[in-house]
There are 2 protein chains.
Amino acid sequence: MSRVSSRITLQDVAREAGVSLATADRVLNGRAGVRGATAERVRDVVARLGYRPNAAAARLARGETYRFCFVLPSGPNVFMRQLAEQVTNTAEWLSTHNAFIDLLRVDVFAPEALASTLEALIGRYDGVAVVALDHPRVRSAIDDLTAAGMVVVTLVSDVPSSHRRHYVGVDNIAAGRTAGTLIGRFAGGRQGSVGLIVGTPALRDHAERQFGFTQVLSGEYPGLKLLAAQESLDEDVRTQAIVEQMLRDVPDLVAIYNVGAGNSGIAAALAAAGQAGERIFIGHDLTDDTRRFLLRGVMDAVINQDAGHQSRSAARVLLAHCSGEPLFDEQERIRIDIFVRDNLP
Amino acid sequence: MSRVSSRITLQDVAREAGVSLATADRVLNGRAGVRGATAERVRDVVARLGYRPNAAAARLARGETYRFCFVLPSGPNVFMRQLAEQVTNTAEWLSTHNAFIDLLRVDVFAPEALASTLEALIGRYDGVAVVALDHPRVRSAIDDLTAAGMVVVTLVSDVPSSHRRHYVGVDNIAAGRTAGTLIGRFAGGRQGSVGLIVGTPALRDHAERQFGFTQVLSGEYPGLKLLAAQESLDEDVRTQAIVEQMLRDVPDLVAIYNVGAGNSGIAAALAAAGQAGERIFIGHDLTDDTRRFLLRGVMDAVINQDAGHQSRSAARVLLAHCSGEPLFDEQERIRIDIFVRDNLP
DNA sequence: TCCAATTTGAGGTTCGAACATCAAGAGAAA
DNA sequence: TTTCTCTTGATGTTCGAACCTCAAATTGGA
């Protein structure tokens, strides 16, 4: 029953408030030269009539174009490839809204390179979305961009102490905790060891997931013994070797949690040992591979953060901050998705 | 590296193709009176330059306003209240895009009433989003609306055999299967009975969830015995009574799956029996209550379909279909969310 | 009361596409 | 060649807000 009749324009507001279009315009756009009482009257009418500026007309009149730069890690990481692809889709959408995206890829393990890449962006863009590295050099580069009047958004991996305007991504501690709870529950009282594989603890998101996971497992599932974390550098061959070793050395292995990439390696090792489906196996990022592993019962759950959502969200946030349009917080919250075999999209 | 330089307008396309603005316009808007070869040339240039119409300008020029009607069930159902609230939010957003929403609430258990409500909408709206009931009268009402040139979208609950243009909602069979898998896995080999509570099997979504759940449980977890489904009519007092009885009569009760509303009643019954946290308890719809139950360990998982997402998605779909703008399928897919204690938003 | 500063009004231009109208040009059929 | 139809160009108007300028009205202070 929330009815709004046809369309209220600034004209209507001005007429109703007994002022000219120019004055109404001055009030709404915060331009100087309007007496307080008059401004108040206009604002009252705006509220009373429920006036909302026509988004299309406003955009058209403003006529600005925005340039954004997305900085993603290079390398073969599947999730980052998905993200890059989604950024390309987003770029297409943005291009109909007078905003343009350049996509840059830099070595994720080189904070210096990332920092100098960022610094080179100063003045060339209106906004930057960056998969950041929590490192003093990077932080100061982000602050420099912000100081230069650019809007900076961190993507996937945050730098909380920087002056970035917004973080688009999930709480990775919570993601790790989620994995912990799922493994704990799936184990259902069984006793034994749990293997933990991380890409590299140098990545903030990996470290955070590991932290959350450890917290839950050691705090709430005393029957499960957490093995020392092994580093895979996100490579299939290394995860495979790690798991093969584990299957040999740890007879009471109940579950494996893979914090980073390389799930195919784990699946291969399990299959080779004839153990696929015997051990609980939880990992991150829904890909063609992990989807197949779920369907075949090799993996038990996949924790995911939607690349498309993150890319679009970053774009919307940048656009909103640059153009001063409102933002719906709720829509920009990235969820920690849990996928099992039955709720695959 | 996907760079698009400033902005290509229809002017640029026309110049590049060596035709007039008028002709370029005729080609792009499919107006008659252009020779095939000429049209081809224009389309080539469009592709080559990557021309995309300015969304704001197009909207403004079209200058149409759209009227949509959202038809939701009346009654105290929490999810439907959330949905109604989100529709109100969506209405606010839409109002800046020249589209307006009326919200109607009708008795969900009365197909005749729903059907006649729908029929009364003919000609008064450009689009309708309806939480439908799968009933011949309702189906034919939807078909009548469609025949009258209106865009009809089913929301939350589908009528697949109707001519609705789109279904915004989840696959409820998959949702039920997901619950089944979670309970099966959480039980972790324990033997015993599983209680099943539905609001009413007359609701398609409830029936589908029950179907999916039963499928998984009886097919894959032979150690778990599924008790006969009990009807709660989505009422707390009734679910409470049902569970109290269950706790008395079924000593080996392992888990409870509540297909509909009324989770508070279940929590109360469990608490009264001192059994909160002892039985696996999975239900639907994330609310203040269920969130609290998750945090306290009373519930083990909540399966959710995001009301805000569904409301916005329905609006976007209606808008896109009415105005002929493109739609990003991937963005409009509603996910089956699994929430445990650790990944609450 | 008068001057100066501040407020307000009136009007115009711009953005890019959609859509309309009319005349000029091309081509085909008679 | 003439006539008629089919294409094309030229040109305008519209949408609603943003932003600009200049003149008129109002206000406040001296």
Side-chain angles (χ1 to χ4, degrees), chain A residues 4 6-43 45-46 49-66 95-100 322-326, chain B residues 4 6-43 45-46 49-66 95-100 322-326:
Chain A
V4 188
S6 74
R7 175 92 219 140
I8 294 143
T9 74
L10 235 203
Q11 283 280 8
D12 303 322
V13 172
R15 187 171 349 95
E16 187 71 12
V19 300
S20 69
L21 221 197
T23 298
D25 172 67
R26 283 189 264 255
V27 173
L28 262 94
N29 290 77
R31 275 184 270 278
V34 180
R35 217 178 327 168
T38 312
E40 198 54 42
R41 193 147 40 95
V42 172
R43 272 189 286 266
V45 174
V46 165
L49 299 189
Y51 166 76
R52 314 224 138 253
N54 178 319
R59 281 251 177 94
L60 182 56
R62 246 188 295 270
E64 292 168 330
T65 68
Y66 303 102
S95 75
T96 71
H97 287 85
N98 270 4
F100 304 96
C322 287
S323 69
E325 282 172 20
Chain B
V4 187
S6 76
R7 176 92 219 139
I8 294 143
T9 74
L10 196 50
Q11 283 281 7
D12 303 322
V13 173
R15 186 172 352 94
E16 188 72 12
V19 300
S20 71
L21 223 196
T23 298
D25 172 66
R26 283 189 263 255
V27 174
L28 262 95
N29 290 77
R31 274 183 269 278
V34 179
R35 214 178 332 171
T38 313
E40 198 53 43
R41 190 148 40 97
V42 172
R43 271 190 285 267
V45 174
V46 165
L49 299 188
Y51 165 77
R52 314 224 135 255
N54 179 319
R59 281 251 178 94
L60 183 57
R62 245 189 296 269
E64 291 167 332
T65 69
Y66 304 102
S95 76
T96 71
H97 288 85
N98 270 4
F100 304 97
C322 287
S323 68
E325 284 172 19

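Naming convention: chains lettered A, B, ... in sequence-line order (proteins, then strands); numbering from 1 in each chain. For clarity, every value in this text was computed on a predicted model and none was experimentally measured.
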*Is the shortest heavy-atom distance from the side chain of A:Asp12 to the side chain of A:Arg15 under 4.5 Å?*
yes

*With B:Glu64, which residues qualify under salt bridge (charged side-chain N to carboxylate O under 4.0 Å, His left out), at least two apart?*
none

*asked:* Under 4.0 Å from OP1 or OP2 of C:dT8: is there any side-chain N or O of A:Thr38 that close?
replied: yes

Atom pairs under 3.5 Å: protein N/O with N/O of nucleotides 16-23 of chain D:
residue : atom : partner : partner atom : Å
D:dG16  : N2   : A:Ala57 : O            : 3.4
D:dA17  : OP1  : A:Tyr51 : OH           : 2.8
D:dA17  : OP2  : A:Leu10 : N            : 2.9
D:dA18  : OP2  : A:Asn29 : OD1          : 3.1
D:dC19  : OP2  : A:Arg31 : NH1          : 3.3

*Does B:Leu28 have any side chain to side chain contact (heavy atoms under 4.5 Å, CB included) partners at least two apart in sequence or in another chain, and if so, which?*
B:Leu10, B:Val42, B:Val46, B:Tyr51

*asked:* Donor-acceptor check, side chain of A:Arg41 to backbone of A:Ala17, threshold 3.5 angstrom: yes or no?
replied: yes

*Between atom CG of A:Leu60 and atom CG of A:Asn54, what is the distance when rounded to the nearest 0.5 Å?*
9.5 Å

*Have a look at B:Gly18 and say if it touches a base, only the backbone sugar-phosphate, or nothing, with a 4.0 Å heavy-atom cut-off.*
sugar-phosphate

*Before giving the answer on side-chain contact (heavy atoms from CB on, under 4.5 Å), spell out for A:Arg59 and A:Asn98 the whole-Å C-alpha distance, their side-chain angles and the decisive distance to 0.1 Å.*
CA-CA 9 Å; A:Arg59 281 251 177 94; A:Asn98 270 4; over 6 Å; no

*Quick one: salt bridge (charged side-chain N to carboxylate O under 4.0 Å, His left out) partners of B:Arg62, sequence neighbours excluded?*
none

_Helical bend (five base pairs per end, nearest 10°) for the helix from C:dT1-D:dA30 to C:dA30-D:dT1_ = 30°

*What is the minimum heavy-atom distance between A:Val13 and A:Val45, and which atoms define it?*
O-CG1, 3.8 Å

*Can you tell me how far OG1 of B:Thr65 sits from NE2 of B:His97, rounded to the nearest 0.5 angstrom?*
14.0 Å

_Point-to-point distance, once rounded to the nearest 0.5 Å, from OG1 of A:Thr38 to CZ of A:Arg43_ = 10.0 Å

*asked:* When you measure from the side-chain N and O atoms of B:Thr23 to the phosphate of D:dG9, is any distance below 4.0 Å, counting only OP1 and OP2?
replied: yes

*asked:* Just the rounded figure in Å: distance from P of D:dG9 to CZ of B:Arg15.
replied: 14 Å

Please enumerate all protein N or O atoms sitting under 3.5 Å from an N or O of nucleotides 25-30 of chain D, with distances to 0.1 Å.
none

